[in-house]
Amino acid sequence: MVRYILKQIKITGNKCFGKWFAKNVVEETIDLDGLAEHMSNHNSPYSKGVIKGLLTDMISCIKELLLEGKNVKVDDLAIFSLGIKNKEMAEKEEDFTVTKNISGVKLKARATGDLMSKSLNLEATLKKASLLTPGTSPDPGTSPSPSQGGGQQPSGGQQPSGGGNVEGNDPIDEPNGD
C-alpha cells in the first residue's frame with residue numbers, strides 16, 4: 001500500500017503557491033541485507049547469504065559496466081545509465097575542460113516492465129497516512145478495498161495518472177525541495 005500525506009506549496013512566486021499535493025510516505029529503507037533476507041523467505045532454496053552475495057556481485061558488475069560506457073537493463077526493474085552533471089557552458093569548443101565545465105557524473109535509472117508507472121498504477125492502493133495512525137478514525141470519504149481493508153482511490157474508481165514517476169517529470173514532484 002502506498003501511503004501519502006498532504007503538503008502545501010509554500011514557495012512564494014510559484015504558480016502553484018497555496019495549493020495542496022500528495023507526497024508518498026516512506027516508512028523504512030530496506031538495505032541489501034534486508035532484501036536478501038526478504039528474498040530468502042519467499043520459498044527460495046537459497047540462503048540469505050547466497051542471495052546477498054549474488055546481489056553484491058550484481059551491483060559491482062553494474063557499476064563496472066556503467067563506467068565502461070554501457071547501459072544495463074534489468075528487466076522489470078530499470079535501465080541503469082550514467083549522466084554528466086555540467087557546471088557551466090563553454091563559449092567555444094576549445095575553451096571546454098572537464099575540470100571547469102563538468103562537476104561529476106550521476107546514476108540514472110529508468111523504470112522498465114513491472115515498475116513502469118502504468119504498471120504500478122494498476123496495482124497501487126493509496127491511503128492517506130494519517131488514516132493509518134493508531135487511534136485515528138478513517139475519513140468518511142474512503143471505502144475499504146476488499147484485499148487491504150481500506151484503500152483510497154480517486155473519484156470514479158480510476159487510478160491516478162502519472163503516479164510512480166521514476167524519472168521525476170511530475171510537474172509538482174517535490175515542489176518545496178524535500
Side-chain angles (χ1 to χ4, degrees), residues 1-36 38-39 51-130 154 158-178:
M1 179 177 319
V2 178
R3 294 169 177 92
Y4 69 91
I5 57 172
L6 294 177
K7 296 192 88 176
Q8 187 176 33
I9 298 175
K10 297 180 180 180
I11 302 170
T12 52
N14 185 310
K15 66 181 180 179
C16 295
F17 178 79
K19 295 190 178 179
W20 293 83
F21 66 99
K23 181 180 185 315
N24 66 305
V25 175
V26 178
E27 297 175 2
E28 183 179 5
T29 299
I30 305 298
D31 62 8
L32 197 61
D33 205 45
L35 177 59
H38 178 84
M39 291 173 67
I51 293 171
K52 185 176 179 186
L54 182 65
L55 291 172
T56 301
D57 287 350
M58 181 185 87
I59 293 166
S60 175
C61 289
I62 289 173
K63 180 180 178 183
E64 180 183 341
L65 291 167
L66 292 173
L67 292 172
E68 290 176 4
K70 298 176 171 99
N71 288 353
V72 178
K73 180 179 180 179
V74 179
D75 292 333
D76 295 323
L77 180 62
I79 299 170
F80 297 96
S81 60
L82 293 181
I84 294 176
K85 294 190 279 184
N86 289 285
K87 263 194 260 190
E88 62 180 75
M89 302 292 176
E91 292 295 324
K92 297 184 230 163
E93 184 177 352
E94 55 270 9
D95 294 340
F96 185 93
T97 65
V98 170
T99 54
K100 180 178 156 193
N101 301 103
I102 295 177
S103 64
V105 293
K106 59 186 172 186
L107 176 66
K108 299 186 324 183
R110 292 172 299 184
T112 62
D114 287 344
L115 279 184
M116 293 180 72
S117 295
K118 66 181 180 178
S119 297
L120 288 175
N121 285 339
L122 296 174
E123 297 175 22
T125 301
L126 300 172
K127 186 162 203 121
K128 192 171 180 181
S130 62
Q158 297 177 357
Q159 295 295 333
S161 62
N165 190 334
V166 174
E167 295 180 33
N169 293 335
D170 191 334
I172 57 170
D173 186 33
E174 307 299 328
N176 51 358
D178 50 76

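Only heavy atoms go into these numbers, but all of them, side chains included; no hydrogens, no water, no symmetry mates. Counting from 1, the numbers follow the sequence of the chain as shown.
In this structure, Ile84 places its CD1 atom where only 12 or fewer heavy-atom neighbours from other residues, nucleotides or ligands lie under 6.0 Å away. Annotation for Glu88: atom CD counts as buried by contact number, over 12 foreign heavy atoms lying within 6.0 Å.
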Derivation and outcome, side-chain contact (heavy atoms from CB on, under 4.5 Å), residues Lys19 and Asn14: CA-CA 10 Å; Lys19 295 190 178 179; Asn14 185 310; over 6 Å; no

Stepwise side-chain contact (heavy atoms from CB on, under 4.5 Å) test for Ile30 and His38: CA-CA 9 Å; Ile30 305 298; His38 178 84; 5.8 Å; no

Stepwise side-chain contact (heavy atoms from CB on, under 4.5 Å) test for Lys23 and Tyr4: CA-CA 5 Å; Lys23 181 180 185 315; Tyr4 69 91; over 6 Å; no

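Rounded to the nearest 0.5 Å, atoms CG (Asn86) and CZ (Phe96) are 6.0 Å apart. Atoms CG and CD1, on Asp33 and Ile51 in that order, are 11.5 Å from each other to the nearest 0.5 Å. Going from atom CZ of Phe17 over to atom CD of Gln8 covers 7.0 Å, rounded to the nearest 0.5 Å. Atoms CE and CG, on Met89 and Asn101 in that order, are 9.0 Å from each other to the nearest 0.5 Å. The CZ atom of Arg3 sits 11.0 Å away from atom CG of Leu126, with the distance rounded to the nearest 0.5 Å.
Taking the side chain as every heavy atom from C-beta outward, Ile62 and Met58 approach each other to under 4.5 Å. Using a 4.5 Å cut-off on side-chain heavy atoms (C-beta onward), Leu82 and Leu67 make contact. Residues Ile79 and Val72 have side chains not in contact (no heavy-atom distance under 4.5 Å, counting atoms from C-beta outward). Residues Leu115 and Leu120 have side chains in contact (heavy-atom distance under 4.5 Å, counting atoms from C-beta outward). For the pair Asn71 and Arg110, the minimum side-chain heavy-atom distance is below 4.5 Å.
For Ala90 against Asp95, the heavy-atom pair with the smallest separation is CB-C, 4.2 Å. Residues Lys87 and Ser103 share a closest heavy-atom pair of CG-CB, 3.5 Å. Shown here for Ile5 and Ala129, the closest heavy-atom pair between the two residues is CG2-CB, 3.8 Å. Residues Ser81 and Leu66 come closest through the heavy atom pair CA-CD2, 3.6 Å.
Although no hydrogens or angles enter the test, the distance criterion places a donor-acceptor pair under 3.5 Å between the side chain of Ser119 and the main chain of Gly113. The backbone N or O of Asp76 lies less than 3.5 Å from a partner atom in the side chain of Thr112, making a donor-acceptor pair.
For residues 54-70, the set of pairs meeting the salt bridge (Lys or Arg N to Asp or Glu O under 4.0 Å) definition, not counting sequence neighbours, comprises Glu68-Lys70.
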